[in-house]
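Within every chain, numbering begins at 1; the chains are lettered A, B, ... in the order of the sequence lines, protein sequences first and strands thereafter. All values derive from a computational prediction rather than experimental measurement.
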Protein chains: 2
Amino acid sequence: MVSIKQIAADIGVSAATVSNALTGKGRVSEEMARRIRLRAEELGYRPNVTARALKRGQTGILGLVMPDLTNPLFPRIAQSLSEAADARHLGILIADSRGSAGEQRNAMRRLIDRGVDGLLVVPQKGSAPEAQAVPMVVINTASDPQNTVSSDHVGGGHLIGTHIAELGHRSVVLLGGDAVSEVQQDRIAGMRAALSGRAESAVRWGAAGIEDLPALIRDGATAVLTTSDHLALQVQSALAQAGFSVPRDVSLTGFDDLPLATAMHPALTTVAQNVPEIAMRAIDAICARIAGAPASADSQTVPTRLVQRASTRSLHPTDPT
Amino acid sequence: MVSIKQIAADIGVSAATVSNALTGKGRVSEEMARRIRLRAEELGYRPNVTARALKRGQTGILGLVMPDLTNPLFPRIAQSLSEAADARHLGILIADSRGSAGEQRNAMRRLIDRGVDGLLVVPQKGSAPEAQAVPMVVINTASDPQNTVSSDHVGGGHLIGTHIAELGHRSVVLLGGDAVSEVQQDRIAGMRAALSGRAESAVRWGAAGIEDLPALIRDGATAVLTTSDHLALQVQSALAQAGFSVPRDVSLTGFDDLPLATAMHPALTTVAQNVPEIAMRAIDAICARIAGAPASADSQTVPTRLVQRASTRSLHPTDPT
DNA sequence: CTGTTAGCGCATTCAC
DNA sequence: GTGAATGCGCTAACAG
């Protein structure tokens, strides 16, 4: 590796001057600066980030803690975060909290031991990560009050609920995957609120909930609103098996707008999170905190978007389809 | 942050002795070592990895370059890699090559600039990442001769092809997503080889290929073998729309064993990659290279596994269903 | 057995 | 405008 002092010796000047010329900080004659930059270029000089980090006390690395790297949303989050971090010349070190709050804490500690400048954490279901020695921004759980950036899950549920109500549905089933998840609770709450006064709604959870569906439909339910696309696919399969067709017999919606939403037939009506926006805000927030901003108590909420496709049907006699 | 010298000053001993006591390297009296460890514990001392990295010339960080973080397999790879790396006290810094070979090179360079000790790269379709200043291990493309660990894609295709042939299918369609992908070519090649002499096979690619399916089935094809689960879901949807039912009218298979394979109905027969094994070998290989082993020309191949579910049907009159 | 010295590569004083 | 000195925190080599 070519170091600053080699190019210094090479030109016959001191290391400090080279540093100054390259960073543009100190005052160096334009002529000298030019020569230095040229030689650095020739030698393929790359500043040693480790040395710089030691000197500055900052590594330029952010830690990303996910509840489960297997999460279907992880790819998008990682990508958007990586892109946003990149723009600020920050790197992202990943860690998996493997489904337990204890492992989550371990993962955070390992990252901190590695010297990350800040922590981005997507918390374990039902756990609030505790404050640490480094700035932290929590993603996707509005229920945690501090430094949180999150999708408006309630709003998303509201979007779906309103859509379904406007389509004329009067009896709908709300299906969640796991009642422990605050995110899913929020989505369901949004749906209920939108439906309230316009339609009956029954809430069900998990595999048992899926089994209840055929009976509920026979009792008059005309729509099933789920809290994830994956769940919706399972529902569609189960319903097909029971002889119900989507959207003819029953309307169906998902949540998240995963790739599978368009691979399904009918294509799934769902709610898309604005992941890039969340990522950008999260990175902004963590950078602000690193730069010294105090931990703010307000949480940012990013709007979601209804993606209307073919799995929902209007019940108004006048409408086509 | 509490440093080694603070605890040294604290106890009235030199920094070197503390270092020795804590790492167990130098010879320190057991008595002294005990006192030092105790005090370190009390003070909550954590070694500064940056300083250590500067001294040692190694950061303990591996760079992971993915062709597209949005890749549905990324979560598993990231998780398995992260776990395997963890066991060796290595961190993983991610980077996205965003679909282009050029960006792939940039990503690698950024990672190297950050001082990673080695690079794990899942290459861009149809691109062979060029050798770099740090050890590199290529994942999942056997076509690159150097330091590669890959699933046996050909073998996987063979597994599926054999399965279908044994079920009595005599005319099958092989459907790939993108002909540029060597991985998909390998899978198709394996299928063809297994089918050769036992059944007719036609190869189709992409969306156009999906459109051809109904006609091919009417012409007598009884099975569609795809190179990904995602593709299989699309096929199932398109087929349902055209009035064909899986597996009654046509058998269908996927590849990768994504979560959606079990969410579908019928559950998808597919081929699972042994991702944890690949990850472990990749980490082993990169560690060996970092430790000084020469770049070996041989590539490691990890067997795949047939996951037989409900989307394939036997055509033998004697068999049930 | 323990302490001192030195230096990893860089950036920041402060002299010159 | 430029350079010498200094130190970030740690560890290897050597001296005591």
Open item on the list: For a quick test of reading the model: is some side-chain N or O of B/K5 closer than 4.0 Å to OP1 or OP2 of D/dC8?
Closed with: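 True: B/K5 side-chain N/O within range (under 4.0 Å) of D/dC8 OP1/OP2.
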Checklist entry - Counting just side-chain N and O atoms, does B/R56 come under 4.0 Å of either OP1 or OP2 of D/dC10? => result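 B/R56 to D/dC10 OP1/OP2: no side-chain N or O under 4.0 Å.
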When the distance from [atom1] of [X] to [atom2] of [N] is rounded to whole Å, what number comes out?
X	N	atom1	atom2	answer
A/N48	C/dG9	CG	C1'	6 Å
A/Q58	C/dG9	CD	P	22 Å
B/R52	D/dT11	CZ	P	4 Å
A/R35	D/dG1	CZ	P	16 Å
A/N20	D/dG3	CG	P	10 Å
A/I11	D/dG1	CD1	C1'	15 Å
A/R46	C/dC10	CZ	P	12 Å
A/L22	C/dT12	CG	P	13 Å

Looking only at side-chain atoms of [X], point me to the closest of [options].
X	options	value
A/T17	D/dG3, C/dA11, C/dT2	D/dG3
B/V28	D/dC10, C/dT2, D/dT2	C/dT2
A/S14	C/dA11, C/dG3, D/dG3	D/dG3
A/V13	D/dG3, C/dC10, D/dC10	D/dG3
A/S29	D/dT2, C/dA11, D/dT11	D/dT2

Nearest 0.5 Å please: distance from the [atom1] atom of [X] over to the [atom2] atom of [Y].
X	Y	atom1	atom2	value
A/N140	A/L73	CG	CG	7.5 Å
B/M136	B/T148	CE	OG1	8.0 Å
A/L120	A/L90	CG	CG	9.5 Å

Contact class for [X] vs. all strands (heavy atom < 4.0 Å): base, sugar-phosphate, or nothing?
X	result
A/S3	sugar-phosphate
A/S19	base
A/L54	base

Q. Just wondering, do B/V18 and B/I11 contact through their side chains at under 4.5 Å, heavy atoms?
A. no
Result for 5'-nearest mapping on DNA chain D, choosing between B/A16 and B/T50, is B/T50
- Query: When you look at CD of B/E30, are more than 12 heavy atoms from neighbouring residues, nucleotides or ligands closer to it than 6.0 Å?
  - Reply: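 More than 12 heavy atoms, drawn from other residues, nucleotides or ligands, come within 6.0 Å of this atom.
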Residue pair B/G12/A/P47 against DNA chain C: nearer the 5' end by closest nucleotide is B/G12
